[in-house]
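Structure first, then comments.
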Amino acid sequence: MAAVERVFQSGWLGMGSVVKEFEDAVADFLGARYVVATSTGTAALHLALDSIGLKPGDEVIVPSITYVATAQAVTATGAVPVFCDVEEDTLNIDLSDAESKITEKTRAIVPVHYRGMPCDMDGLFKLAHDYNLRVVEDAAHAFGSYYRGRRIGSFGDLTCFSFDPVKNVTCGEGGAIALSDAEFMGLLQRKRILGIDRDTWSRYHDKRSWVYDVTTQGYRYHMSNINAAIGLVQLKKYDRLNSRKISIAKVYDEEFAKLKKIELLRTDYDGLSLFIYVVKVREGRDRLMRFLEGEGIGTGIHYIPCHLFSFYGRNRAKLPVAEKIYEQILTLPLYPDMSDEDVERVISAVKKWE
Ligand SMILES: Cc1ncc(COP(=O)(O)O)c(C=O)c1O
């Protein structure tokens with residue numbers, strides 16, 4: 001509250017010096033060369049996809065198990081999302097299925113680090129290299145996760161994060177793109193603010209420039225000082241909150257591994273920023289969901305496979321793993337402020353059901 005109050009007292013609520021401070025702090029945290037903050041994670045994805053010059057009819061490979069924001073960001077550019085299947089044990093993109101869906105129209109691939117567990121990025125970059133594809137990472141779940149000793153966002157092409165209210169680091173609402181190409185950063189900065197050529201620099205100094213040119217199609221996707229101030233405070237809490245989530249998840253794993261009807265996903269906790277705790281229920285997922293609701297325990301389903309939505313031509317593609325696991329996945333409560341008793345209550349309720 002104090003950080004937000006300081007922004008109010010400064011009188012500069014929109015994009016300004018606090019956004020620059022947040023971008024620098026995020027770049028430092030990730031080990032990224034550049035960070036461009038945006039209003040939401042969806043805006044970050046759209047901005048990144050738009051900036052690589054997608055045209056109507058171009059194809060972009062997207063795993064079907066993701067939040068619909070990933071697919072919407074693709075269609076917002078006029079390009080076509082081509083959905084591919086996921087790995088059965090991690091629900092991350094299945095690279096061999098992705099490869100089978102590449103055509104001469106394919107321009108980009110959007111891996112989603114589901115739950116925060118990084119995808120096989122070596123395999124993915126090899127695929128992208130072999131077929132000359134851009135890689136726009138949807139790292140909305142993976143802010144802070146390491147892949148082979150480096151944080152997601154510190155390497156790669158364009159990596160998009162979300163800082164929405166439920167994410168491990170939140171700005172209230174917010175997003176960011178991490179990248180290493182200076183020229184591209186300039187393009188993203190202009191596109192972020194209506195294509196105006198010099199607004200970012202002026203606003204970083206809490207000023208506006210009244211004489212400017214507009215050099216490209218742009219959007220109003222910038223972050224405000226208010227959201228950046230929240231993000232700066234939350235960033236400092238990341239380690240503590242993530243450690244607590246990981247220790248709860250490990251207790252869950254130990255207990256649920258004993259149950260016949262529950263199957264755990266493959267999780268490598270080393271260097272993981274864990275967003276959600278998901279299990280597969282071998283049979284009766286909906287019954288378990290209703291049972292837990294009756295016990296006062298809220299659960300979720302992440303996600304309805306995108307290829308099943310009517311907007312995306314419902315069922316046009318057959319993705320057997322995504323369709324099967326959609327019947328099985330269940331997200332159990334995982335919050336840093338859960339007490340040990342809360343955790344125990346969830347475990348006992350699941351055991352009681354089984
Ligand atoms: C996988 C994934 N991609 C993109 C987004 C979009 O982020 P935002 O809510 O900040 O727009 C989310 C948000 O939940 C997400 O889970």
Side-chain angles (χ1 to χ4, degrees), residues 19 22-23 26 35-50 60-77 81 83-84 86-87 90-93 98 108-119 121 124 135-145 152-153 156 158-178 188 192 219-224 226-228 230-231 234-235 245 265 272-278 300-309 311-312 322 325-326 329 331 334-335:
V19 173
F22 179 65
E23 289 175 335
V26 169
V35 167
V36 176
T38 57
S39 49
T40 64
T42 309
L45 283 165
H46 180 217
L47 202 59
L49 289 161
D50 178 89
V60 177
I61 309 277
V62 178
S64 185
I65 298 291
T66 183
Y67 189 42
V68 70
T70 324
Q72 286 282 10
V74 173
T75 41
T77 67
F83 295 108
C84 73
V86 293
E87 299 172 340
T90 62
L91 311 196
N92 274 339
I93 188 164
I109 184 160
V110 185
V112 178
H113 306 295
Y114 182 76
R115 297 176 296 148
M117 260 270 286
C119 301
M121 294 310 283
L124 196 125
V135 176
V136 175
E137 281 167 77
D138 183 338
H141 296 187
F143 184 79
S145 282
I152 293 290
L158 295 162
T159 308
C160 302
F161 296 101
S162 160
F163 304 115
D164 77 15
V166 297
K167 293 298 183 300
N168 285 356
V169 170
T170 183
C171 291
E173 289 287 2
I177 304 168
L188 289 172
R192 171 179 62 174
Y219 308 92
R220 207 167 180 287
Y221 279 170
H222 55 278
M223 181 179 272
S224 77
I226 299 171
N227 297 105
I230 296 169
Q234 296 302 315
L235 191 57
K245 285 178 86 170
L265 297 185
L272 177 67
S273 170
L274 183 62
F275 173 47
I276 45 177
Y277 187 86
V278 178
I301 296 174
H302 294 85
Y303 295 95
I304 301 171
C306 289
H307 73 285
L308 300 182
F309 290 126
F311 183 55
Y312 296 112
I325 64 95
Y326 169 50
I329 46 177
T331 306
L334 178 69
Y335 309 103

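Just so you know, ligand 1 is whichever comes first in the structure, and atom 1 is the first atom listed for that ligand.
For S162, a nitrogen or oxygen atom sits less than 3.5 Å from a nitrogen or oxygen atom of ligand 1, counting backbone and side chain alike. Residue contacts with ligand 1: Y67 is placed with no nitrogen or oxygen under 3.5 Å of a nitrogen or oxygen of the ligand (distance criterion only). Note: an N/O pair closer than 3.5 Å links T42 and ligand 1 by distance alone. Not one N or O of F275 is nearer than 3.5 Å to an N or O of ligand 1, by distance alone.
Taking CD1 of I329 as the reference point, atom OH of Y303 lies at 9.5 Å (rounded to 0.5 Å). The structure places CE of M117 at 16.0 Å from CZ of F275, a figure rounded to the nearest 0.5 Å.
Here the heavy atom of the protein found nearest to atom 9 (O) of ligand 1 is D164 OD2, 2.8 Å. Nearest protein neighbour of atom 3 (N) of ligand 1, counting heavy atoms only, is D138 OD2, 2.7 Å.
For Y303, the closest heavy-atom approach to ligand 1 falls below 4.0 Å. Under a 4.0 angstrom heavy-atom cut-off, H302 registers as lying outside contact with ligand 1. Within the structure, the closest approach of G174 to ligand 1 falls below 4.0 Å when heavy atoms are considered.
A search for salt bridge (charged side-chain N to carboxylate O under 4.0 Å, His left out) contacts involving K245 returns nothing, not counting sequence neighbours.
Listed by number with element, the atoms of ligand 1 under 4.0 Å from a non-hydrogen atom of H141 are 1 (C), 15 (C), 16 (O). Listed by number with element, the atoms of ligand 1 under 4.0 Å from a non-hydrogen atom of K167 are 12 (C), 13 (C), 14 (O), 16 (O). Residue T66 has at least one heavy-atom neighbour below 4.0 Å for each of these atoms of ligand 1: 1 (C). Those atoms of ligand 1 that come under 4.0 Å of a heavy atom in G41, given as number and element, are 7 (O), 8 (P), 10 (O), 11 (O). Near A69, with a cut-off below 4.0 Å to any heavy atom, the atoms of ligand 1 are 4 (C), 5 (C), 6 (C).
A donor-acceptor pair is defined here as one N or O able to donate and one able to accept, closer than 3.5 Å; such a pair exists between the side chain of N168 and the backbone of L274. Using modelled atom types, one side-chain atom of S145 and one backbone atom of G116 make a donor-acceptor pair closer than 3.5 Å. Judged purely by atom type and a 3.5 angstrom limit, E23 uses its side chain to pair as donor or acceptor with the backbone of A37.
Looking at heavy atoms from C-beta onward, H113 lies out of side-chain contact with H141 at the 4.5 angstrom threshold.
Ring geometry for Y221 versus H46: interplanar angle over 60°, hence perpendicular rather than tilted (30 to 60°). Aromatic ring orientation, F163 versus F22: perpendicular (interplanar angle above 60°, classes split at 30° and 60°).
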